[in-house]
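Notes to accompany the following structure.
Fair warning: this is a prediction, and the values are worked out from it, not measured in the lab.
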Amino acid sequence: MKLNKIFMLAGIAMLGFAMSSCSDDDNDYTPGEPVSADCPAVSFVAEESGQSLELDPADPTEVTFTVTREKADAAASYNLTVLSNTDDVFVVPATVDFAAGAKEATVKATFNNAEVGKTYSFEVALDDEVVNPYKSSTRKSFTFKAVRVKWNSLGKGQWIDGFLYGFWDEAEIQQRDDKPQYFRVQNIYTDEFVTSAGAAPAGYKPWFVFMVTNSGNVTWDGWFSINTIHPSHGAEVKAYLPSALNESLAGDDAASVVHYDDNGNITYFELMPYMYMDGVGGWGLKPHYVAFPGYDLASELGF
């Protein structure tokens, strides 16, 4: 592995921001109904709602989530109303049950009949009368999304950063079983790596997912994260699919291509994401590479 310390890049202009003033109309409102003194202030946990999980077919097909309440003197049960449920595959309890004195309870929903490769979701809600709508932390509903996917390991390849850090390292490469045009690559921008290079982590995600198109291009969903907050600008450095950043850049999507050997086997991906910091600016197309197992692209490129 070869590593160059993160360097400072000049010439990126910070975007200004506009201030707006309040008008007299802002004070024209009708107070809401007061909350009953008996309201238990039940809520889902905000950080848990909106989960989107990818599960191996061998994983348990269940999800657990937390419900809280403030008034906890007595044991009580509160209704859970299912608002949506893909193909009715999720089995969600009709109530969440609290023991006397308990301010938290755990709910388990199962989805044993979920097909591999299909995305399922559900949304469940609490009754209005048990919720305090005036608390900013209150979450009346909970949503969850999951897909069962089997990934087959192809072995260790190489991830090569030709831009910010200038390094390469081994990375596992996997291929999706039901949709072989999809590949995922181990994210080697760990918190430890980023910190040692002089930047701050942005939130580590273990895999990059790429798709090979029939025309030989490589694409991805929106942007992928190299887990880096730029030390000068305090903004996350993102690797955008150009068209996802701006429709006018759609032609640049074609710069990301797959390379094959004479036998039609993939040797490496040549990726050209548009490196950008939201609200700050960017550097344009910058190269990153994924060399497949057995192909030493790092040496070929002089790393």
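The nearest pair of heavy atoms linking P231 to G198 is CB-O, 4.0 Å. Residue V124 comes nearest to F44 through the heavy atom pair O-CE1, 3.8 Å, listed as atom of the first residue, atom of the second, then distance. Residues P201 and D191 approach most closely at CB-OD1, 3.4 Å, considering heavy atoms. Between A250 and S243 the shortest heavy-atom distance is CA-CB, 3.7 Å. Summarising the geometry of A298 relative to Q158, their closest heavy-atom pair is N-OE1, 2.9 Å, with the distance given to 0.1 Å. Shown here for A171 and I188, the closest heavy-atom pair between the two residues is CB-CG2, 4.1 Å.
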Under the side-chain contact (heavy atoms from CB on, under 4.5 Å) rule, what do M275 and L164 come out as? Steps first, then yes or no, please. CA-CA 9 Å; M275 305 305 297; L164 193 62; over 6 Å; no
After noting the C-alpha distance and the side-chain angles of V218 and V257, does the key distance pass the side-chain contact (heavy atoms from CB on, under 4.5 Å) rule? CA-CA 5 Å; V218 182; V257 295; 5.7 Å; no
Show, in sequence, the C-alpha distance, side-chain angles and deciding distance for V258 and N217, and conclude whether the side-chain contact (heavy atoms from CB on, under 4.5 Å) test is met. CA-CA 6 Å; V258 58; N217 292 111; over 6 Å; no
Using the side-chain hydrogen bond (donor to acceptor under 3.5 Å, both in side chains) rule, take S225 and Y204 through it: C-alpha gap first, then chi angles, then the decisive distance, then the call. CA-CA 8 Å; S225 173; Y204 180 74; over 6 Å; no
List the steps, then state whether side-chain contact (heavy atoms from CB on, under 4.5 Å) holds for V212 with F269. CA-CA 9 Å; V212 174; F269 292 162; 3.7 Å; yes
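In this structure, the side chains of L126 and N79 stay at 4.5 Å or more apart for every pair of heavy atoms. A heavy-atom distance below 4.5 Å is not found between the side chains of P242 and L245. Residues F224 and W207 are not in side-chain contact: their nearest non-hydrogen atoms beyond the backbone lie 4.5 Å or more apart. Contact annotation: the side chain of F122 approaches that of F142 to within less than 4.5 Å [non-hydrogen atoms, C-beta and beyond]. Between V42 and V67 there is a side-chain heavy-atom pair separated by less than 4.5 Å. Considering only heavy atoms from C-beta on, V131 stays 4.5 Å or farther from S43 through its side chain.
A distance of 9.0 Å separates OH in Y260 from CZ in F292, rounded to the nearest 0.5 Å. Between the OH atom in Y78 and the CD atom in E129 there is a gap of 11.0 Å [rounded to 0.5 Å]. Here the straight-line distance linking atom OH of Y134 with atom SG of C39 works out to 10.5 Å at 0.5 Å rounding. In this structure, the separation between OH on Y120 and OG1 on T61 is 11.0 Å, given to the nearest 0.5 Å. The distance from atom CD of Q174 to atom CG of N152, rounded to the nearest 0.5 Å, is 8.0 Å. One distance of note links OG1 of T86 with CD of E115; it measures 11.5 Å at 0.5 Å rounding.
Counting only distance, with no hydrogens or angles, the side chain of T228 and the backbone of I226 share a donor-acceptor pair below 3.5 Å. In this structure a side-chain-to-backbone donor-acceptor pair under 3.5 Å is present from W220 to A239. H230 contributes a side-chain N or O that, together with a main-chain N or O of S232, makes up a donor-acceptor pair within less than 3.5 Å. Proximity of a side-chain donor or acceptor of Q51 to a complementary backbone N or O of E48 within less than 3.5 Å is detected. Remark: side-chain polar atoms of S49 are paired, donor with acceptor, to backbone N or O of T143 under 3.5 angstrom. In this structure, D127 contributes its side chain and V130 its backbone to no donor-acceptor pair below 3.5 Å.
For the salt bridge (charged side-chain N to carboxylate O under 4.0 Å, His left out) condition, the pairs that include at least one residue of residues 226-254, sequence neighbours left out, are K238-D278. Counting only residues at least two apart or on different chains, the salt bridge (charged side-chain N to carboxylate O under 4.0 Å, His left out) pairs with a member in residues 140-161 are D128-K140.
With a 4.5 Å cut-off between side-chain heavy atoms of Ile, Leu, Val, Met, Phe, Trp and Tyr, the cluster of V209 takes in V147, V149, W151, Y182, M211.
Ring-centre distance between F210 and F183: not below the 6.0 Å cut-off. You'll find the ring centres of F163 and W283 inside the 6.0 Å limit. Taking the centre of each ring, Y165 and F193 come in below the 6.0 Å mark.
In this structure K118 satisfies the salt bridge (Lys or Arg N to Asp or Glu O under 4.0 Å) test together with D87, sequence neighbours excluded. Under the ring-ring contact (aromatic ring centres under 6.0 Å, His included) criterion, Y268 pairs with H259, Y295, not counting sequence neighbours.
In this structure, N265 places its CG atom where more than 12 heavy-atom neighbours from other residues, nucleotides or ligands lie under 6.0 Å away. Remark: N113 CG is loosely packed, at most 12 non-hydrogen atoms of other residues, nucleotides or ligands lying under 6.0 Å away.
There is no side-chain donor-acceptor pair under 3.5 Å between T267 and D261. Judged by distance alone, the side chains of N187 and N227 never bring a donor and an acceptor atom under 3.5 Å apart.
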In a table with atom names and distances, give each donor-acceptor pair under 3.5 Å that connects a side chain of residues 88-104 to protein atoms at least two apart or in another chain.
{"unit_1": "T95", "atom_1": "OG1", "unit_2": "D97", "atom_2": "OD1", "d": "3.0"}
{"unit_1": "D97", "atom_1": "OD1", "unit_2": "S77", "atom_2": "OG", "d": "2.6"}

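Of the candidates E172, E170, Q186, H288, W159 forms a side chain to side chain contact (heavy atoms under 4.5 Å, CB included) with just one, namely H288. Tested against F303, the residues F167, Y289, W168 include a single side chain to side chain contact (heavy atoms under 4.5 Å, CB included) partner, W168.
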